[in-house]
**Q** 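Sharing a structure below in C-alpha coordinates format, with a few things to ask.
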Amino acid sequence: MTRPPILPPPPGEPPRRRRLIGLLRNNFIAGVVVIAPIGLTVWLIWTLVGWIDSWVLPFVPNRFNPEQYIGINLRGVGVIFFILFTFLVGALAKGFVGRSLLRMGESLVAQMPVVRSIYSGLKQIAETVFAQTETSFDQACLIEYPRKGIWALAFISTSAKGEVLRRLPSEGEIVTVFLPTTPNPTSGFLLFLPRAEVTVLDMSVEDAAKLVISAGLVTPPDRMRPKDGAEEVEEASVLRSGTAGR
(Lines give C-alpha, C1' and ligand atoms only; values in the text may rest on other atoms or scores of the structure.)
Protein backbone atom coordinates (compact mmCIF):
# COMPACT_ATOMS: atom_id res chain seq x y z
CA MET A 1 0.00 0.00 0.00
CA THR A 2 1.57 3.26 -1.10
CA ARG A 3 1.52 6.41 1.04
CA PRO A 4 -0.25 9.45 -0.31
CA PRO A 5 2.14 12.17 -1.44
CA ILE A 6 2.86 14.97 1.02
CA LEU A 7 1.59 18.18 -0.41
CA PRO A 8 3.63 21.36 0.16
CA PRO A 9 2.00 24.16 2.13
CA PRO A 10 0.13 26.81 0.19
CA PRO A 11 2.43 29.44 -1.29
CA GLY A 12 1.04 32.30 0.81
CA GLU A 13 1.25 30.46 4.18
CA PRO A 14 4.64 30.58 6.03
CA PRO A 15 5.91 27.41 7.68
CA ARG A 16 4.87 26.87 11.29
CA ARG A 17 8.45 26.68 12.48
CA ARG A 18 9.30 30.02 10.95
CA ARG A 19 6.25 31.60 12.56
CA LEU A 20 7.22 30.12 15.93
CA ILE A 21 10.78 31.46 15.66
CA GLY A 22 9.48 34.87 14.64
CA LEU A 23 7.08 34.91 17.60
CA LEU A 24 9.85 33.97 20.03
CA ARG A 25 12.16 36.61 18.57
CA ASN A 26 9.53 39.32 18.85
CA ASN A 27 8.73 38.34 22.43
CA PHE A 28 12.43 38.35 23.32
CA ILE A 29 12.95 41.80 21.81
CA ALA A 30 9.87 43.12 23.61
CA GLY A 31 11.22 41.68 26.87
CA VAL A 32 14.61 43.32 26.34
CA VAL A 33 12.94 46.67 25.67
CA VAL A 34 11.08 46.39 28.98
CA ILE A 35 13.88 44.91 31.10
CA ALA A 36 16.86 46.93 29.86
CA PRO A 37 15.72 50.39 31.10
CA ILE A 38 14.55 48.96 34.43
CA GLY A 39 17.74 46.96 34.94
CA LEU A 40 20.03 49.84 34.03
CA THR A 41 18.11 52.22 36.30
CA VAL A 42 18.30 49.82 39.25
CA TRP A 43 21.99 49.18 38.60
CA LEU A 44 22.80 52.91 38.43
CA ILE A 45 20.89 53.63 41.64
CA TRP A 46 22.51 50.68 43.41
CA THR A 47 25.98 51.77 42.27
CA LEU A 48 25.40 55.41 43.22
CA VAL A 49 24.13 54.46 46.68
CA GLY A 50 27.17 52.22 47.23
CA TRP A 51 29.52 54.98 46.10
CA ILE A 52 27.96 57.47 48.53
CA ASP A 53 28.14 54.90 51.35
CA SER A 54 31.83 54.30 50.68
CA TRP A 55 32.54 58.02 51.07
CA VAL A 56 30.23 58.85 53.99
CA LEU A 57 30.38 55.82 56.30
CA PRO A 58 34.11 56.20 57.16
CA PHE A 59 33.25 59.57 58.77
CA VAL A 60 30.33 58.18 60.79
CA PRO A 61 31.19 57.05 64.36
CA ASN A 62 30.81 53.34 64.94
CA ARG A 63 28.17 53.80 67.63
CA PHE A 64 25.84 55.38 65.02
CA ASN A 65 26.42 52.70 62.39
CA PRO A 66 23.65 50.04 62.39
CA GLU A 67 26.14 47.43 61.16
CA GLN A 68 27.70 47.33 64.63
CA TYR A 69 24.39 46.14 66.13
CA ILE A 70 22.80 43.91 63.49
CA GLY A 71 25.95 42.61 61.79
CA ILE A 72 24.63 43.37 58.28
CA ASN A 73 25.92 46.03 55.93
CA LEU A 74 22.78 47.93 54.97
CA ARG A 75 23.28 49.75 51.71
CA GLY A 76 21.83 53.24 51.85
CA VAL A 77 22.76 54.13 55.43
CA GLY A 78 25.43 56.50 54.17
CA VAL A 79 22.86 58.20 51.93
CA ILE A 80 20.60 58.80 54.95
CA PHE A 81 23.48 60.32 56.93
CA PHE A 82 24.43 62.46 53.93
CA ILE A 83 20.85 63.80 53.59
CA LEU A 84 20.63 64.57 57.31
CA PHE A 85 24.03 66.30 57.24
CA THR A 86 23.02 68.35 54.21
CA PHE A 87 19.81 69.49 55.92
CA LEU A 88 21.80 70.45 59.00
CA VAL A 89 24.34 72.45 56.99
CA GLY A 90 21.55 74.20 55.09
CA ALA A 91 19.78 75.14 58.31
CA LEU A 92 23.01 76.50 59.79
CA ALA A 93 23.88 78.42 56.61
CA LYS A 94 20.58 80.32 56.80
CA GLY A 95 21.30 81.60 60.28
CA PHE A 96 23.46 84.54 61.29
CA VAL A 97 26.23 82.38 62.74
CA GLY A 98 26.28 80.14 59.69
CA ARG A 99 26.48 83.06 57.27
CA SER A 100 29.31 84.59 59.28
CA LEU A 101 31.26 81.33 59.25
CA LEU A 102 30.61 80.93 55.55
CA ARG A 103 31.92 84.42 54.79
CA MET A 104 35.02 83.75 56.89
CA GLY A 105 35.64 80.49 55.05
CA GLU A 106 35.17 82.09 51.64
CA SER A 107 37.51 84.94 52.55
CA LEU A 108 40.11 82.35 53.56
CA VAL A 109 39.65 80.42 50.34
CA ALA A 110 39.91 83.65 48.31
CA GLN A 111 43.52 84.02 49.47
CA MET A 112 44.55 80.67 47.96
CA PRO A 113 45.56 81.08 44.30
CA VAL A 114 44.52 77.69 42.88
CA VAL A 115 41.83 76.71 45.37
CA ARG A 116 39.85 79.93 44.91
CA SER A 117 39.50 79.33 41.16
CA ILE A 118 38.25 75.78 41.69
CA TYR A 119 35.90 76.82 44.50
CA SER A 120 34.41 79.76 42.61
CA GLY A 121 33.82 77.65 39.51
CA LEU A 122 32.16 74.82 41.43
CA LYS A 123 30.05 77.28 43.42
CA GLN A 124 28.84 79.00 40.26
CA ILE A 125 27.91 75.64 38.70
CA ALA A 126 26.02 74.59 41.84
CA GLU A 127 24.13 77.87 42.00
CA THR A 128 23.25 77.62 38.31
CA VAL A 129 22.00 74.04 38.58
CA PHE A 130 20.06 74.25 41.85
CA ALA A 131 18.83 77.86 41.87
CA GLN A 132 15.08 78.16 41.33
CA THR A 133 15.25 81.54 39.58
CA GLU A 134 15.69 82.81 36.04
CA THR A 135 18.79 80.64 35.60
CA SER A 136 16.67 77.71 34.38
CA PHE A 137 15.51 77.34 30.79
CA ASP A 138 11.97 78.51 30.13
CA GLN A 139 11.01 77.03 26.76
CA ALA A 140 12.31 74.97 23.88
CA CYS A 141 12.44 76.65 20.51
CA LEU A 142 13.62 76.39 16.91
CA ILE A 143 16.04 78.85 15.31
CA GLU A 144 17.59 79.06 11.86
CA TYR A 145 21.23 78.12 12.45
CA PRO A 146 23.91 78.09 11.05
CA ARG A 147 22.16 79.64 8.03
CA LYS A 148 18.72 80.32 6.66
CA GLY A 149 16.80 77.16 5.84
CA ILE A 150 18.53 74.98 8.46
CA TRP A 151 16.72 74.72 11.78
CA ALA A 152 18.28 73.88 15.13
CA LEU A 153 16.74 73.04 18.49
CA ALA A 154 17.59 75.50 21.26
CA PHE A 155 16.42 76.70 24.67
CA ILE A 156 15.21 80.15 25.71
CA SER A 157 16.84 81.14 28.98
CA THR A 158 15.80 84.77 29.54
CA SER A 159 15.50 88.17 27.90
CA ALA A 160 18.67 90.05 27.03
CA LYS A 161 19.63 92.74 29.53
CA GLY A 162 22.29 95.31 30.22
CA GLU A 163 24.87 96.39 27.71
CA VAL A 164 24.08 93.53 25.33
CA LEU A 165 20.50 94.74 24.91
CA ARG A 166 21.60 98.37 24.61
CA ARG A 167 24.14 97.75 21.86
CA LEU A 168 22.11 95.38 19.71
CA PRO A 169 20.50 97.13 16.71
CA SER A 170 16.96 95.88 17.18
CA GLU A 171 13.68 97.55 18.07
CA GLY A 172 11.92 94.40 19.29
CA GLU A 173 12.56 92.11 22.23
CA ILE A 174 15.88 90.27 22.31
CA VAL A 175 15.98 86.84 23.94
CA THR A 176 18.95 84.85 25.16
CA VAL A 177 19.04 81.43 23.51
CA PHE A 178 21.31 78.49 24.34
CA LEU A 179 22.05 76.19 21.41
CA PRO A 180 23.25 72.80 22.77
CA THR A 181 25.43 70.30 20.96
CA THR A 182 24.66 66.61 20.42
CA PRO A 183 25.05 64.30 22.29
CA ASN A 184 26.58 66.48 25.03
CA PRO A 185 24.03 69.20 25.83
CA THR A 186 26.27 70.85 28.43
CA SER A 187 28.31 72.48 25.68
CA GLY A 188 26.93 74.77 23.01
CA PHE A 189 26.56 78.36 21.86
CA LEU A 190 25.04 81.42 23.51
CA LEU A 191 23.01 83.42 21.00
CA PHE A 192 21.05 86.68 21.18
CA LEU A 193 18.12 86.71 18.76
CA PRO A 194 15.04 88.84 18.18
CA ARG A 195 11.89 87.28 19.54
CA ALA A 196 10.37 87.33 16.05
CA GLU A 197 13.07 84.96 14.73
CA VAL A 198 12.44 82.34 17.43
CA THR A 199 9.79 79.64 16.97
CA VAL A 200 8.61 78.50 20.39
CA LEU A 201 7.72 74.80 20.69
CA ASP A 202 4.95 73.21 22.74
CA MET A 203 7.18 70.37 23.96
CA SER A 204 8.68 70.61 27.43
CA VAL A 205 12.31 71.38 28.11
CA GLU A 206 12.83 67.79 29.31
CA ASP A 207 11.48 66.33 26.05
CA ALA A 208 13.64 68.70 24.03
CA ALA A 209 16.71 67.66 26.03
CA LYS A 210 15.94 63.99 25.30
CA LEU A 211 15.67 64.83 21.61
CA VAL A 212 19.08 66.51 21.68
CA ILE A 213 20.84 63.82 23.70
CA SER A 214 19.46 60.98 21.55
CA ALA A 215 20.45 62.76 18.32
CA GLY A 216 16.85 62.77 17.16
CA LEU A 217 16.14 59.09 17.89
CA VAL A 218 13.76 59.81 20.78
CA THR A 219 11.05 62.08 19.40
CA PRO A 220 8.38 63.32 21.84
CA PRO A 221 4.75 62.97 20.69
CA ASP A 222 3.01 65.95 19.17
CA ARG A 223 0.25 66.50 21.73
CA MET A 224 -1.22 69.50 19.96
CA ARG A 225 -1.94 67.74 16.64
CA PRO A 226 -5.02 65.46 16.58
CA LYS A 227 -4.58 61.93 15.34
CA ASP A 228 -5.82 61.12 11.89
CA GLY A 229 -7.50 57.90 10.83
CA ALA A 230 -4.30 56.20 9.68
CA GLU A 231 -2.58 56.77 13.01
CA GLU A 232 -5.60 55.46 14.93
CA VAL A 233 -5.74 52.32 12.77
CA GLU A 234 -1.99 51.79 13.20
CA GLU A 235 -2.20 52.25 16.97
CA ALA A 236 -5.14 49.83 17.19
CA SER A 237 -3.26 47.21 15.15
CA VAL A 238 -0.25 47.56 17.46
CA LEU A 239 -2.45 47.04 20.49
CA ARG A 240 -4.11 44.01 18.90
CA SER A 241 -0.75 42.47 17.97
CA GLY A 242 0.53 43.00 21.51
CA THR A 243 -2.57 41.37 22.96
CA ALA A 244 -2.27 38.45 20.56
CA GLY A 245 1.40 37.96 21.47
CA ARG A 246 0.43 37.50 25.11
Side-chain angles (χ1 to χ4, degrees), residues 30 32-34 36-45 48 86 90 117-239:
V32 170
V33 171
V34 174
I38 298 176
L40 290 176
T41 303
V42 172
W43 177 78
L44 288 175
I45 294 176
L48 179 61
T86 305
S117 301
I118 299 176
Y119 174 77
S120 60
L122 293 178
K123 182 181 179 181
Q124 186 176 4
I125 293 175
E127 291 177 350
T128 303
V129 173
F130 295 105
Q132 302 296 325
T133 57
E134 294 183 354
T135 55
S136 59
F137 295 128
D138 293 333
Q139 293 174 309
C141 65
L142 288 174
I143 61 174
E144 288 188 286
Y145 184 88
R147 62 172 176 82
K148 293 289 185 179
I150 297 180
W151 294 86
L153 184 63
F155 300 97
I156 300 176
S157 57
T158 182
S159 299
K161 302 174 183 178
E163 183 181 358
V164 174
L165 179 61
R166 179 170 54 85
R167 290 184 175 273
L168 286 177
S170 177
E171 298 180 356
E173 181 185 1
I174 302 296
V175 293
T176 304
V177 175
F178 175 70
L179 178 64
T181 57
T182 301
N184 181 18
T186 58
S187 63
F189 304 95
L190 179 62
L191 307 176
F192 298 95
L193 299 174
R195 172 71 72 171
E197 298 182 8
V198 176
T199 302
V200 180
L201 300 176
D202 295 320
M203 69 175 65
S204 62
V205 175
E206 291 77 11
D207 291 339
K210 294 177 184 178
L211 184 61
V212 173
I213 296 173
S214 64
L217 297 178
V218 179
T219 304
D222 189 357
R223 300 181 178 90
M224 301 301 294
R225 184 172 64 89
K227 297 180 180 178
D228 54 12
E231 289 182 348
E232 292 180 355
V233 171
E234 182 179 358
E235 185 173 310
S237 62
V238 171
L239 293 176

**Q** First locate atom CD of Glu197, then atom CD1 of Ile174, and finally report the distance between them rounded to the nearest 0.5 Å.
**A** 8.0 Å

**Q** Any side-chain heavy atom of Val177 sitting closer than 4.5 Å to one from Cys141?
**A** yes

**Q** Within a 6.0 Å radius of atom CZ on Arg166, are there more than 12 heavy atoms belonging to other residues, nucleotides or ligands?
**A** yes

**Q** Please name the residue in the list Leu193, Ile150, Leu191 that meets the side chain to side chain contact (heavy atoms under 4.5 Å, CB included) test with Tyr145.
**A** Leu191

**Q** Taking all heavy atoms of Met203 and all of Pro220, pick out the closest pair and write down the distance.
**A** CE-CG, 3.7 Å

**Q** Side-chain contact test, heavy atoms from C-beta onward, threshold under 4.5 Å: evaluate it for Ile213 versus Thr182 and give yes or no.
**A** no

**Q** Quick one: pull up CD in Gln139 and CG in Asp202 and give me the separation to the nearest 0.5 Å.
**A** 9.0 Å

**Q** Minimum heavy-atom separation for Pro183 to Pro185, with atom names?
**A** O-CD, 3.1 Å

**Q** Taking all atoms of both residues into account, what is the closest heavy-atom pair of Ala140 and Ala208, and its distance?
**A** CB-CB, 3.6 Å

**Q** State the CG-CG distance between Leu48 and Leu44, to the nearest 0.5 angstrom.
**A** 8.5 Å

**Q** Can you check whether Thr176 reaches Phe192 side chain to side chain, under 4.5 Å on heavy atoms?
**A** yes

**Q** Under a 4.5 Å cut-off applied to non-hydrogen side-chain atoms, are Arg195 and Ile156 in contact?
**A** yes

**Q** Taking the side chain as C-beta and beyond, is there a heavy-atom pair between Ser159 and Glu173 under 4.5 Å?
**A** yes

**Q** Ignoring hydrogens and angles, state whether a donor on the side chain of Asn184 or Thr181 is under 3.5 Å from an acceptor on the partner side chain.
**A** no

**Q** Output the distance between atom OG1 (Thr158) and atom CZ (Phe178), rounded to the nearest 0.5 Å.
**A** 15.0 Å

**Q** So Trp151 and Ile143, do their side chains get closer than 4.5 Å, heavy atoms only?
**A** no

**Q** Using a 4.5 Å cut-off on heavy atoms from C-beta on, say whether the side chain of Leu153 contacts that of Leu201.
**A** yes

